[in-house]
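Let me begin by presenting the structure, written as structure tokens, before commenting on it.
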Amino acid sequence: MAFQNESQTKTKIFIPKIYRVILLNDDVTTMDFVVMILMEIFEKTRDEAINIMLHIHKNGSGICGSYIKEIAETKKDEVKMLAKKANFPLVCEIEEE
């Protein structure tokens with residue numbers, strides 16, 4: 001008869017869900033402001049930021065990055081705060097990947 005070693009335990013690995021941070025196009029927020037947001041909050045290079053901004057402008061929305069929920073929510077709040085401070089109606093959303 002085989003005995004199970006009591007020190008053997010099963011470990012569950014927690015893999016957090018990933019969320020996309022998305023900016024929505026509007027007719028008021030300037031392209032320069034969106035580029036600045038992408039560079040400062042999402043750490044994009046100038047070229048990356050311009051490409052994402054143009055995608056948002058042409059398609060109505062664009063993904064800025066993918067993060068765990070807490071970071072995605074923080075970035076969303078940072079965008080909202082800076083947009084409000086600059087009097088722009090820029091909308092930022094998060095959605096689960």
Side-chain angles (χ1 to χ4, degrees):
M1 185 166 152
F3 291 99
Q4 183 177 3
N5 184 344
E6 288 184 27
S7 66
Q8 291 177 338
T9 58
K10 292 185 178 182
T11 303
K12 285 188 176 183
I13 297 174
F14 173 73
I15 300 174
K17 293 180 181 177
I18 301 297
Y19 290 78
R20 294 181 197 108
V21 182
I22 300 165
L23 288 181
L24 305 181
N25 188 48
D26 64 70
D27 293 333
V28 178
T29 306
T30 64
M31 292 179 177
D32 287 338
F33 184 77
V34 174
V35 169
M36 182 274 298
I37 289 288
L38 290 164
M39 291 173 64
E40 289 191 15
I41 295 177
F42 298 97
E43 301 175 4
K44 303 297 182 185
T45 66
R46 183 156 187 78
D47 288 342
E48 289 172 323
I50 289 169
N51 287 333
I52 294 169
M53 176 274 298
L54 290 173
H55 177 85
I56 293 166
H57 182 71
K58 291 177 185 175
N59 298 290
S61 66
I63 299 170
C64 305
S66 297
Y67 310 92
I68 62 170
K69 188 173 187 178
E70 292 79 8
I71 293 173
E73 287 177 341
T74 299
K75 290 190 180 291
K76 175 185 167 184
D77 292 344
E78 289 174 347
V79 169
K80 184 178 177 180
M81 180 190 66
L82 289 176
K84 184 177 180 179
K85 187 175 179 179
N87 293 316
F88 288 125
L90 183 62
V91 174
C92 183
E93 299 177 342
I94 64 171
E95 67 179 27
E96 189 177 328
E97 277 193 352

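D26 meets the side chain to side chain contact (heavy atoms under 4.5 Å, CB included) test with V28, T29, P89, L90; sequence neighbours excluded. In terms of the side chain to side chain contact (heavy atoms under 4.5 Å, CB included) criterion, M81 has no residue partners (sequence neighbours excluded). For E96, the side chain to side chain contact (heavy atoms under 4.5 Å, CB included) partners two or more places apart in sequence, or in a different chain, are K17, Y19. Residues forming a side chain to side chain contact (heavy atoms under 4.5 Å, CB included) with K12 (at least two apart in sequence, or on another chain): none. With sequence neighbours left out, the side-chain hydrogen bond (donor to acceptor under 3.5 Å, both in side chains) criterion links E97 to S66. For D32, there are no side-chain hydrogen bond (donor to acceptor under 3.5 Å, both in side chains) partners two or more places apart in sequence or in a different chain.
The CD1 atom of I71 lies 11.5 Å from the CD1 atom of I94; values are rounded to the nearest 0.5 Å.
When hydrophobic residues (I, L, V, M, F, W, Y) are linked wherever their side-chain heavy atoms come within less than 4.5 Å, the members clustered with V91 are I22, L24, I63. With side-chain heavy atoms closer than 4.5 Å counting as contact, directly or through intermediates, F14 stands alone and belongs to no larger hydrophobic cluster.
Residue pairs satisfying the salt bridge (Lys or Arg N to Asp or Glu O under 4.0 Å) criterion with at least one member in residues 74-95, sequence neighbours excluded, are listed as follows: R20-E95.
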Please tabulate, for the side chains in residues 33-50, all donor-acceptor contacts under 3.5 angstrom to protein atoms that are two or more places apart in sequence or on a different chain.
unit_1, atom_1, unit_2, atom_2, d
K44, NZ, C64, O, 3.2
T45, OG1, E48, N, 3.1
T45, OG1, E48, OE1, 3.4
E48, OE1, T45, N, 2.8

Please tabulate, for the side chains in residues 52-60, all donor-acceptor contacts under 3.5 angstrom to protein atoms that are two or more places apart in sequence or on a different chain.
unit_1, atom_1, unit_2, atom_2, d
H55, ND1, N59, ND2, 3.0
N59, ND2, H55, O, 3.0

